[in-house]
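Everything on this sheet refers to the single structure shown next.
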Amino acid sequence: MKGRPPGKGDAPRSRKPATPGKSFGKPSGAPGRARGGAKAATARKGEGGKPASKPPFKSGPKKPAAKPAAAKAAPVVQAAAPKPSVAKGVSLDVRQYRVHADDDGIRLDRWFQRHLPDVGFNIVSRWSRTGQLRVDGARAAPGDRIAEGQMIRVPPAEAKAAPSERPARRVPVIDLTPDEIAYAQEMVIHRDAQAIVINKPPGLATQGGTKTDEHVDRLLDGLIFNAESRPKLVHRLDKDTSGALLLARSSRAAAHFAKAFSSRTARKVYWALVIGVPSIADGMIELPLAKQPGTGGEKMHVDEAEGLPARTRYRVIERAGNRAAWVELQPYTGRTHQLRVHLAAIGHPIVGDGKYGGKDSFLTGSISRKMHLHARRIRVDHPDGGRVDVMADLPAHFASSLADLGFDLSLGDMPLDDEIDRSPTREDEKKFARQHAKQIRKDRKGERRSRGGGG
């Protein structure tokens with residue numbers, strides 16, 4: 001190293017050890033040792049500015065400098081172990097974390113998500129604003145990117161509230177009178193852990209609206225029973241339509257039932273009293289429906305050009321001469337007022353439905369002028385397996401009208417298509433055998449004729 005000017009760090013090595021926050025001296029002519037000493041000093045500075053240990057001061061001859069390998073292998077000073085705390089995961093001391101290769105280049109808030117998920121973003125931001133969060137001794141922000149080898153200073157963890165200090169589960173507030181609660185619960189005809197079915201009376205709306213203060217949705221607070229929240233509506237019935245209305249008792253059940261209605265796996269059966277008698281006893285009405293212009297969406301009509309597809313299956317249960325018919329209806333789609341519009345469109349409006357049938361939808365005599373449309377049955381798969389299959393009794397005015405017209409109530413509940421036993425009966429087997437024998441005789445007769453013609 002002849003001719004090289006002495007550097008700033010070429011002080012004699014016999015001086016006392018470096019003070020915290022300052023680097024060790026750089027020996028002359030030993031660049032490798034100088035670099036190692038600088039790294040060790042940087043590590044100590046990044047870890048709080050204190051040396052790992054204070055070497056004892058001894059007088060006497062100078063010892064040879066440490067080898068470069070020993071300098072590079074100097075241990076990283078770790079922070080003191082956190083003191084035990086009554087709250088799990090809570091430390092009362094500042095914590096130090098070394099950034100590993102897997103976290104090189106990520107944001108600081110992302111590092112917290114990976115390694116300290118209990119520390120939320122709001123806490124990290126507050127630590128940053130108050131200067132408690134540091135990287136290599138410098139203040140850091142949640143959006144800063146970190147590099148391998150850097151040291152992250154994390155303030156003491158914040159103690160969580162003890163279980164006894166946490167707010168209790170909110171008790172639902174029921175803003176109903178005892179009479180209203182009793183009225184709501186009297187409508188229930190089925191109840192289990194996931195579903196409630198009520199028999200909605202005519203004249204009670206499903207949901208509120210303009211000048212509609214009394215509705216099923218308002219009464220749901222009275223149907224909580226032992227659940228944590230009020231049940232949820234999953235479909236609707238018109239205000240003047242009575243019958244089975246399904247409610248879900250949990251979010252999971254509501255999603256399940258909503259999917260069943262949208263995929264048409266839920267089956268609904270209605271009873272209706274209609275004017276006149278359809279010429280076809282078992283038929284399908286397929287007429288597209290749309291909102292009627294000028295009615296503000298309050299009325300629907302058949303619109304072949306722009307209407308949405310709508311399908312209704314009907315079956316005549318019984319007839320009262322040519323005056324009226326008792327029919328079963330199964331909607332295969334769920335358009336607004338679908339059953340009422342379809343029956344009026346084929347010339348057989350529902351009795352009492354002046355909105356779509358006009359003055360021709362009323363019968364004289366003792367027959368009620370209320371609408372005679374009732375959701376008799378609902379069948380849907382249960383979220384926990386099996387099915388919800390419930391029938392709702394008729395309201396008083398409907399039952400009275402059927403009795404006055406001489407209908408037999410025992411004929412009303414016809415099986416659905418998938419409930420009909422289609423296995424061949426004994427009579428079917430005999431009929432098939434006769435047809436088979438007849439076909440064999442016919443084939444044999446044809447063979448004799450062909451042999452005679454060829455001779």
Verdict with reasoning, Arg313 to Asp417, per salt bridge (Lys or Arg N to Asp or Glu O under 4.0 Å):
CA-CA 11 Å; Arg313 191 222 181 140; Asp417 288 345; 2.7 Å; yes
Can any side-chain N or O of Ser125 pair as donor or acceptor with the backbone N or O of Phe121 at less than 3.5 Å?
yes
OG1/Thr336 to CE/Met300 distance, rounded to the nearest 0.5 angstrom?
5.0 Å
How about Trp271 and Phe398: are their ring centres within less than 6.0 Å of each other?
no
Is there a donor-acceptor pair closer than 3.5 Å between any side-chain N or O of His348 and the backbone N or O of Val274?
no
Report yes if the side chains of Ile198 and Glu186 come closer than 4.5 Å at any heavy-atom pair, otherwise no.
no
Answer yes or no: is there a donor N or O on one side and an acceptor on the other, between the side chain of Arg145 and the main chain of Gly105, under 3.5 Å?
yes
Any donor-acceptor pair under 3.5 Å linking the side chain of Arg134 with the backbone of Gly131?
yes
Is the backbone of Arg126 close enough, under 3.5 Å, to the side chain of Thr130 for a donor and an acceptor to pair up by distance?
yes
Answer whether the closest heavy-atom distance between the side chains of Gln292 and Glu298 falls below 4.5 Å.
no
Closer than 3.5 angstrom, by distance alone: can the side chain of Arg379 be matched with the main-chain N or O of Val388 as a donor-acceptor pair?
no
Closest contact, heavy atoms only, Pro201 versus Met187
CD-SD, 3.4 Å
Donor-acceptor contact below 3.5 Å, side chain His235 vs main chain Leu246
yes
Heavy-atom side-chain proximity of Leu411 to Glu318 below 4.5 angstrom:
yes
Residues Glu286 and Arg335 bridged, charged N to O under 4.0 Å:
no
Ion pair present between Asp238 and Arg340, side-chain N to carboxylate O less than 4.0 angstrom?
yes
Would you check if Arg377 and Leu416 make a side-chain contact, meaning some heavy-atom pair closer than 4.5 Å?
yes
Give a yes or no on whether a salt bridge exists between Asp384 and Arg252, defined as a side-chain N under 4.0 angstrom from a carboxylate O.
yes
Just so I know, are the side chains of Phe407 and Leu273 near enough to count as touching, which here means a heavy-atom distance under 4.5 Å?
yes
Pairwise distance OG1(Thr312) to OH(Tyr332) - rounded to 0.5 angstrom:
9.5 Å
Taking it one step at a time, do Leu373 and Asp240 satisfy side chain to side chain contact (heavy atoms under 4.5 Å, CB included)?
CA-CA 8 Å; Leu373 179 61; Asp240 295 322; over 6 Å; no
Can you find a side-chain donor-acceptor pair between His337 and Tyr356 that sits under 3.5 Å?
yes
Test item: Asp393 and Ile189 side chains (from C-beta on) under 4.5 Å apart, heavy atoms:
no
To the nearest 0.5 Å, tell me how far Ile146 CD1 sits from Met151 CE.
12.0 Å
Hey, is NZ on Lys370 packed in by over 12 heavy atoms from elsewhere, all under 6.0 Å?
no
Using distance alone, with no hydrogens and no angle criterion, decide if Asp404 and Ser366 have a side-chain donor and acceptor under 3.5 Å apart.
yes
Where is the tightest heavy-atom contact between Thr241 and Lys200, given as atom of each residue plus distance?
O-NZ, 2.8 Å
Does the side chain of His190 come under 3.5 Å of the side chain of Asp389 through a donor N or O and an acceptor N or O?
no
Could you tell me which non-hydrogen atom of Gln132 sits nearest to which non-hydrogen atom of Pro155, and how far apart they are?
CB-CG, 3.4 Å
Worked verdict on Val327 versus Arg315 for side chain to side chain contact (heavy atoms under 4.5 Å, CB included)
CA-CA 6 Å; Val327 298; Arg315 292 190 286 185; over 6 Å; no
Is there a side chain to side chain contact (heavy atoms under 4.5 Å, CB included) between Leu133 and Arg139 once you walk through the steps?
CA-CA 6 Å; Leu133 181 61; Arg139 297 181 62 159; over 6 Å; no
Can you confirm whether Ile196 sits close enough to Phe225 that some side-chain heavy atom of one is under 4.5 Å from a side-chain heavy atom of the other?
yes
Is the number of heavy atoms from other residues, nucleotides or ligands within 6.0 Å of CZ (Arg323) greater than 12?
yes
Under a plain distance cut-off of 3.5 Å, with no hydrogens placed, do His215 and Thr206 share a side-chain donor-acceptor pair?
no
Between Arg376 (side chain) and Ala392 (backbone), is there a donor-acceptor pair under 3.5 Å?
yes
Shortest non-hydrogen contact from Val234 to Ala248?
CG1-CB, 3.9 Å
Pair Arg114 + Asp109: basic N to acidic O under 4.0 Å:
no
Should Lys291 and Glu306 count as an ion pair when the cut-off is N to O under 4.0 Å?
no
What's the spacing between Leu363 CG and Ser401 OG if we round to 0.5 Å?
8.0 Å
For Arg249 versus Asp192, what's the shortest heavy-atom pair and its separation?
NH1-O, 2.9 Å
Determine yes or no for a side-chain-to-main-chain donor-acceptor pair under 3.5 angstrom, with Tyr314 supplying the side chain and Ile280 the backbone.
yes
Start with the C-alpha gap between Asp217 and Arg230, add the side-chain angles, then the distance that decides, and say whether salt bridge (Lys or Arg N to Asp or Glu O under 4.0 Å) holds.
CA-CA 10 Å; Asp217 192 31; Arg230 69 202 308 259; 3.4 Å; yes
If you apply the rule side chain to side chain contact (heavy atoms under 4.5 Å, CB included), what do you find for Leu204 with Tyr183, and how did you get there?
CA-CA 12 Å; Leu204 179 65; Tyr183 173 65; 4.0 Å; yes
Considering only heavy atoms from C-beta outward, does the side chain of Arg311 approach that of Ile285 to under 4.5 Å?
no
For Glu180 against Asp175, the heavy-atom pair lying closest together:
OE1-O, 4.5 Å
Can a side-chain donor-acceptor contact be found between Gln330 and Glu328 if the only test is distance below 3.5 angstrom?
yes
Quick one: pull up CG in Asp413 and CD1 in Ile317 and give me the separation to the nearest 0.5 Å.
8.0 Å
Can you measure from CG (Asp360) to CG (Asp353) and round to the nearest 0.5 angstrom?
12.0 Å
Does either side chain, that of Thr177 or that of Asp179, offer a donor lying less than 3.5 Å from an acceptor on the other one?
no
If you apply the rule salt bridge (Lys or Arg N to Asp or Glu O under 4.0 Å), what do you find for Arg98 with Asp103, and how did you get there?
CA-CA 10 Å; Arg98 178 74 71 186; Asp103 300 322; over 6 Å; no
Between His256 and His382, does the ring centre distance come in under 6.0 Å?
no
Kindly state whether the ring of His374 and the ring of Tyr270 have centres lying under 6.0 angstrom apart.
no
